[in-house]
Participant: 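Once you've had a glance at the structure underneath, I'll fire off some questions.
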Amino acid sequence: MPKKTNNQKNHAQRLGAFGESLVKSILLVNADFVTETCFGHPSDLFVEFGNNSLFRVQVKTRSAIKGAWTFPFENHRKQSDTHRDYHNDILAFVFMPNKRVLFKPNATFQKYYKFNEKVIVDNMELDSLRETLAALSNVPEIQEL
């Protein structure tokens, strides 16, 4: 496998930092608290929506290739004990160069997500955030006999 050049690494880091900033700005408008995690943490952001509902957010930023976006989850995360056993609650997919965000609950063990241009619709950020939070809050209640 070919190694990345310094320019490619710099571009990837800038792209990731931009994606995290974009997601953070969207969440700041709609949440009570949003904060970044430290470098190397398995989550990118922590977000809180009142009533002590704290969620861990993983941001994935990709550019379109032939009209499609593929968001893989890197293998190195599986090798680290910290990353392997850590669970993020919310996935935030950033579509470049469109600068659009799609939120999804992290409820599966998919190794990658693939989207085409049809996913980019009006109000997708807020609609997908609402759907994600609704899915995460659907915790069954225990009914005693």
Side-chain angles (χ1 to χ4, degrees), residues 1 4 7-144:
M1 181 177 212
K4 290 184 178 181
N7 284 343
Q8 289 171 321
K9 288 178 186 176
N10 183 38
H11 177 76
Q13 288 175 339
R14 288 176 49 223
L15 190 67
F18 175 80
E20 289 173 20
S21 295
L22 180 61
V23 170
K24 183 179 178 183
S25 67
I26 291 168
L27 292 173
L28 280 168
V29 172
N30 298 290
D32 293 333
F33 300 99
V34 181
T35 188
E36 298 169 9
T37 62
C38 62
F39 180 77
H41 192 278
S43 294
D44 297 311
L45 302 168
F46 293 132
V47 60
E48 187 173 338
F49 293 91
N51 298 329
N52 297 322
S53 56
L54 182 67
F55 298 102
R56 297 162 292 196
V57 182
Q58 170 96 60
V59 179
K60 294 298 212 176
T61 306
R62 294 292 184 268
S63 296
I65 298 174
K66 297 181 183 178
W69 292 266
T70 301
F71 297 90
F73 289 88
E74 296 86 5
N75 288 333
H76 74 273
R77 293 187 181 274
K78 292 180 189 171
Q79 295 169 359
S80 164
D81 290 339
T82 305
H83 284 79
R84 182 178 348 145
D85 298 329
Y86 196 85
H87 179 77
N88 288 291
D89 307 300
I90 298 173
L91 302 174
F93 299 103
V94 180
F95 298 84
M96 295 298 288
N98 305 62
K99 299 180 181 121
R100 302 299 302 272
V101 178
L102 177 70
F103 294 96
K104 287 192 133 331
N106 187 15
T108 67
F109 294 99
Q110 282 185 243
K111 294 185 181 190
Y112 71 93
Y113 288 80
K114 189 168 186 171
F115 302 98
N116 62 27
E117 295 170 341
K118 292 178 184 177
V119 75
I120 298 177
V121 296
D122 292 339
N123 211 30
M124 69 186 272
E125 290 80 5
L126 194 53
D127 289 346
S128 66
L129 181 58
R130 283 186 180 128
E131 290 170 9
T132 296
L133 293 174
L136 292 172
S137 68
N138 286 336
V139 178
E141 291 184 28
I142 297 173
Q143 300 291 329
E144 291 187 36

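Just so you know, residue 1 is the first one in the sequence shown, and it goes up from there.
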Participant: If the test is ring pair (Phe, Tyr, Trp, His ring centres under 6.0 Å), which one of Tyr113, Phe115, Phe95 qualifies with Trp69?
Facilitator: Phe95
Participant: Please check if the side chain of Asp32 supplies one atom and the backbone of Gly50 the other of a donor-acceptor pair under 3.5 Å.
Facilitator: yes
Participant: Of all the heavy-atom pairs spanning Ala68 and Lys114, show the shortest one and how long it is.
Facilitator: CB-CE, 4.0 Å
Participant: Working to the nearest 0.5 Å, report the span between CZ of Arg130 and OG1 of Thr132.
Facilitator: 12.0 Å
Participant: Is Arg62 reaching over with its side chain to a backbone N or O of Phe93, donor-acceptor style, under 3.5 angstrom?
Facilitator: no
Participant: Going through the distances and angles, do Met96 and Leu15 end up as a side-chain contact (heavy atoms from CB on, under 4.5 Å)?
Facilitator: CA-CA 9 Å; Met96 295 298 288; Leu15 190 67; 3.8 Å; yes
Participant: Pick from Leu45, Val47, Thr35, Val59: which one makes a side-chain contact (heavy atoms from CB on, under 4.5 Å) with Lys24?
Facilitator: Leu45
Participant: Show your working on side-chain contact (heavy atoms from CB on, under 4.5 Å) between Leu133 and Phe103 and close with a plain yes or no.
Facilitator: CA-CA 9 Å; Leu133 293 174; Phe103 294 96; over 6 Å; no
Participant: Rounded to the nearest 0.5 Å, what separates atom CE in Met124 from atom CG in Asp122?
Facilitator: 10.5 Å
Participant: Supply the atom-to-atom distance Asp44 CG to Glu36 CD, rounded to the nearest 0.5 angstrom.
Facilitator: 9.0 Å
Participant: From Asp89 CG over to Lys104 NZ, what is the distance, rounded to the nearest 0.5 angstrom?
Facilitator: 15.5 Å
Participant: Which heavy atom in Ala92 sits nearest to a heavy atom in Val101, and how many Å separate them?
Facilitator: CB-CG1, 4.3 Å
Participant: Provide the closest heavy-atom pair for Leu102 versus Ser128 in the form atom of the first, atom of the second, distance.
Facilitator: CD1-CB, 3.5 Å
Participant: How far apart are the C-alpha atoms of Val23 and Val94, what are their side-chain angles, what is the distance that settles it, and do they pass the side-chain contact (heavy atoms from CB on, under 4.5 Å) test?
Facilitator: CA-CA 8 Å; Val23 170; Val94 180; 3.6 Å; yes
Participant: Within this structure, what is the CD-CG distance for the pair Glu48 and Leu27, rounded to the nearest 0.5 Å?
Facilitator: 12.5 Å
Participant: Is it the case that the side chain of Ser43 and the backbone of Arg56 share a donor-acceptor pair, with hydrogens and angles ignored and the cut-off at 3.5 Å?
Facilitator: no
Participant: Within this structure, what is the NZ-CG distance for the pair Lys99 and Leu22, rounded to the nearest 0.5 Å?
Facilitator: 9.0 Å
